[in-house]
Asks: 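First the structure, then my questions, so here it is.
Every chain is numbered from 1 and lettered A, B, ... according to where its sequence line falls, protein lines coming before strand lines.
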2 protein chains.
Amino acid sequence: MKLSKRGEYALRSLINLGIAAKVGRSLVRVTELAKAEDLPIKFLEQVMQQLREAGFVESVRGKHGGYRLAKASSQIHIGQIVRLIDGPLAPIGCVSQTAYAPCNCPDEAHCGLRMLMLDVRNAIAAILDRYTLADVVEVTTRKMVTSGRALPYSSPAEAPAPRSKARTRRPHAHTSPTEGVIHQLLGDYAI
Amino acid sequence: MKLSKRGEYALRSLINLGIAAKVGRSLVRVTELAKAEDLPIKFLEQVMQQLREAGFVESVRGKHGGYRLAKASSQIHIGQIVRLIDGPLAPIGCVSQTAYAPCNCPDEAHCGLRMLMLDVRNAIAAILDRYTLADVVEVTTRKMVTSGRALPYSSPAEAPAPRSKARTRRPHAHTSPTEGVIHQLLGDYAI
DNA sequence: CTTAATCCCTACTAAATCAATGTAGATTAG
DNA sequence: CTAATCTACATTGATTTAGTAGGGATTAAG
């Protein structure tokens, strides 16, 4: 049930771009993104292209160029990214909602394996399609703040200082069927 | 988040062996298993070897040989099989319970991605480690019975006729955090 | 004892995927 | 003009996947 390196790098970079956006930094270079997570630059360049072509990030070329999110991080669902990079969430094609393919079992209706894998698919999708980049960024930055470390991408020049940002997220109060770590952390208002 | 063909074949074959066991058939040949699901024989032989070496099935050699489950199907958890064939359930190594490997992120404690993937891992494991081969067999055979089709492996010679088998499964009453299709079907007592 | 059916074992391979790397071009700021 | 940056495309090496091939060992039955 692996996430590819490509997918991991994409998500890590998007999280970094999300932090940058939150902190008022308008552009981040690939080299910065690569250094921040220790990723191979040329490989990451490819990944960023893919994210740009899919409309998740936009770029500015030339000197002082870089990447930024193309939409609000709350509009980018993790499932979208994983599907883009790694394909369907479903363990087998015959339970995929976005890329169904019949399996070779004689009769899908009697296939217990299929039903089990449908449950798995739904469990995965329930998480990855529920949470957004904003959620992951929130958890990451909150953790950083509580442990007293400065957020990266504190804009050196052009930033209007991160205004303390009135709560924008829905509260995740009793809204969740899958109550995992992320849910707990987002619910924890005592920063 | 793919399950490999190898893994799929292993599970399909185990389900067939589970049905065979339930129906009183003591041995099933690889060729039968392959034909039942239309799988490549020689490839399936390899898979069966792997299942045997891991102790999930046992074999009888020679003419009239074949395979059977090495333990009760209720003692075989799906997660065990998937881990055996396809490796850890976790999408990334740093959230694996059975094969942890550090990721290259600077600090795991501040890694929102890691927490999200931990939730995914837990969601997958909650299903695959909860349900057993017996559950999947139960769902499969029940579906077959309700739609009036005969169960395969009706033993031609050596079987003592499937006694109607007093309910052996725990009822899955309010025991489940992940209530998916399988849970619903197992809870449905009106066969 | 011979034969046929079966599992057991090892090796091989073709194709796909993964994870990069390399080279050169286009664009922009200064 | 030059340096910094994204863009595009080609190539590569390693690994994994999904098989195929060929025989060897064991057993039942005649």
Asks: Looking at Ile124(A), Leu128(A), Val181(A), which hits side-chain contact (heavy atoms from CB on, under 4.5 Å) with Asp119(B)?
Replies: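 Among Ile124(A), Leu128(A), Val181(A), the one that satisfies the side-chain contact (heavy atoms from CB on, under 4.5 Å) with Asp119(B) is Val181(A).
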
Asks: Please determine if a side-chain N or O atom of Ser59(B) lies less than 4.0 Å away from the OP1 or OP2 oxygen of dC8(C).
Replies: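 It does, given that an N or O in the side chain of Ser59(B) lies less than 4.0 Å from OP1 or OP2 of dC8(C).
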
Asks: Partners of Glu37(A) by side-chain hydrogen bond (donor to acceptor under 3.5 Å, both in side chains), sequence neighbours excluded?
Replies: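 Glu37(A): side-chain hydrogen bond (donor to acceptor under 3.5 Å, both in side chains) contacts with Asn16(A).
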
Asks: In this structure, how many angstroms lie between the P atom of dA28(D) and the CG atom of Leu27(B), rounded?
Replies: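 Going from Leu27(B) (CG) to dA28(D) (P), I get 11 Å.
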
Asks: Is there any side chain to side chain donor-acceptor pair (under 3.5 Å) pair reaching into residues 78-90 of chain A, and which pairs are they, with sequence neighbours excluded?
Replies: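 As it turns out, the side chain to side chain donor-acceptor pair (under 3.5 Å) pairs with a partner in residues 78-90 of chain A, which skip direct neighbours, are Ser4(A)-Asp86(A), Arg83(A)-Asp129(A).
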
Asks: List in chain and number order the residues that pass side chain to side chain contact (heavy atoms under 4.5 Å, CB included) with Lys2(B), two or more places apart in sequence or in another chain; answer none if no residue qualifies.
Replies: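 For Lys2(B) the side chain to side chain contact (heavy atoms under 4.5 Å, CB included) partners, ignoring immediate neighbours, are Pro88(A).
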
Asks: Taking for each residue the nucleotide of DNA chain C bearing the nearest heavy atom, is the 5' side occupied by His64(A) or by Val60(B)?
Replies: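 It is Val60(B) whose nearest nucleotide is closer to the 5' end.
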
Asks: Just jot down the side-chain hydrogen bond (donor to acceptor under 3.5 Å, both in side chains) partners of Arg68(A), sequence neighbours excluded, or say none.
Replies: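 Partners of Arg68(A) by the side-chain hydrogen bond (donor to acceptor under 3.5 Å, both in side chains) criterion, ordered by chain and then number, come out as Glu58(A).
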
Asks: Looking at residues at least two apart in the chain, or sitting in another chain, which of them share a ring pair (Phe, Tyr, Trp, His ring centres under 6.0 Å) with Tyr100(B)?
Replies: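 In terms of ring pair (Phe, Tyr, Trp, His ring centres under 6.0 Å), with neighbours along the sequence ignored, Tyr100(B) is linked to no residue.
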
Asks: Compare the minimum distances between each of dC6(D), dT28(C), dA29(D) and the side chain of Lys63(A), then state the nucleotide with the smallest one.
Replies: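 My answer, after comparing the listed nucleotides, is dT28(C).
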
Asks: When every nucleotide of nucleotides 9-23 of chain C is labelled 5' to 3' by its protein contacts under 4.0 Å (heavy atoms), B for base, S for sugar-phosphate only, - for none, what sequence of letters results?
Replies: B-B-------BBBBB

Asks: Figure out the CZ/P separation between Arg29(A) and dT7(D), and round it to whole Å.
Replies: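 Value for this atom pair: 15 Å.
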
Asks: How many Å lie between CD on Glu58(B) and P on dC8(C), as a whole number?
Replies: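 After rounding, the gap between these two atoms is 11 Å.
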
